[in-house]
Amino acid sequence: QVQLVESGGGLVQAGGSLRLACAASGRTFSRNGMGWFRQAPGKEREFVATITWTGSITYYADSVRGRFTISRDNAKNTVYLQMNSLKPEDTAIYYCAARFRGGLGLSGSEYDYWGQGTQVTVSS
């Protein structure tokens, strides 16, 4: 089992920044591929970013590429999502997810564990 707890969400003005963190506990974290997803009101959950277990390879949704950065610190069992130049359309609940396999995962179905989510609201 892997338990995931997100933090760092909040209310920010357009153009601002937030840094989300996802703390993992339970079975070994360092070998898991990790991802961030989000779900806006009335919309389906969508992929945001993913990172391999080594942290050497990342991939982003087109809508956030160049503005968001995913990273991880395996010594701290934590994965981060640095969000810059935030837009109102980034408003959503952001979820952290972990997968048994260590590579990238672009679909929610590829993940085995999910956090409870953290709300991000961007005002215009």
Inset, instruction - Scan side-chain atoms only and decide if Thr78 and Asp73 contain a donor-acceptor pair under the 3.5 Å cut-off. - result: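 On atom types as modelled, these side chains do not qualify, holding no pair under 3.5 Å.
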Legend entry - Short side-chain donor-acceptor distance under 3.5 Å, Tyr111 and Arg99: no
Please examine the side chains of [Y] and [X], heavy atoms only from C-beta on, and report whether any two atoms are closer than 4.5 Å.
X	Y	answer
Tyr95	Thr118	no
Thr91	Val120	no
Tyr59	Arg65	yes
Thr69	Tyr60	yes

Inset, instruction - Could you walk me through whether Ser71 and Gln82 pass the side-chain contact (heavy atoms from CB on, under 4.5 Å) test, one step at a time? - result: CA-CA 8 Å; Ser71 63; Gln82 177 66 44; over 6 Å; no
Legend entry - Centroid-centroid under 6.0 Å between Trp36 and Phe47 rings: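 Centroid separation for Trp36 and Phe47: 6.0 Å or greater.
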Legend entry - Derivation of the side-chain contact (heavy atoms from CB on, under 4.5 Å) call for Tyr113 and Gln3: CA-CA 7 Å; Tyr113 301 103; Gln3 292 79 42; over 6 Å; no
From [X] atom [atom1] to [Y] atom [atom2], the distance as rounded to the nearest 0.5 Å:
X	Y	atom1	atom2	answer
Glu6	Ile93	CD	CD1	10.0 Å
Gln119	Arg38	CD	CZ	12.0 Å
Leu104	Thr50	CG	OG1	5.0 Å
Leu20	Ser7	CG	OG	7.5 Å
Gln13	Ser123	CD	OG	5.0 Å

Legend entry - Lys/Arg cation over aromatic Tyr80: Arg72, 6.0 Å, 45° cone: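 No, Arg72 does not lie over the aromatic ring of Tyr80.
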Legend entry - Lys/Arg cation over aromatic Phe100: Arg31, 6.0 Å, 45° cone: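 Judged by the rule, Arg31 and Phe100 form no cation-pi pair.
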Inset, instruction - Would you sort out whether Val79 and Cys96 count as a side-chain contact (heavy atoms from CB on, under 4.5 Å), showing the intermediate values? - result: CA-CA 8 Å; Val79 64; Cys96 170; 3.8 Å; yes
Inset, instruction - Answer with yes or no whether the hydrophobic clustering places Met34 together with Ile57; edges join I, L, V, M, F, W, Y residues whose side-chain heavy atoms lie under 4.5 Å apart. - result: no
Inset, instruction - Find out if a path of hydrophobic residues (ILVMFWY) with successive side-chain heavy-atom gaps under 4.5 Å connects Leu4 to Ile51. - result: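 Both belong to a single hydrophobic cluster.
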Legend entry - Other residues, nucleotides, ligands: >12 heavy atoms within 6.0 Å of Arg101 CZ: no
Legend entry - Enclosure of Gln116 CD (heavy-atom neighbours >12, cutoff 6.0 Å):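 No, because the 6.0 Å sphere around CD of Gln116 holds 12 heavy atoms or fewer from other groups.
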Legend entry - Side-chain (Asn32) to main-chain (Val2) donor-acceptor, under 3.5 angstrom: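 No, because the side chain of Asn32 does not come within donor-acceptor range (under 3.5 Å) of the backbone of Val2.
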Inset, instruction - Output yes when a side-chain donor or acceptor of Thr52 lies under 3.5 Å from a complementary backbone atom of Gly33, and no otherwise. - result: no
Legend entry - Worked check of side-chain contact (heavy atoms from CB on, under 4.5 Å) between Val48 and Leu81: CA-CA 10 Å; Val48 175; Leu81 186 68; 4.2 Å; yes
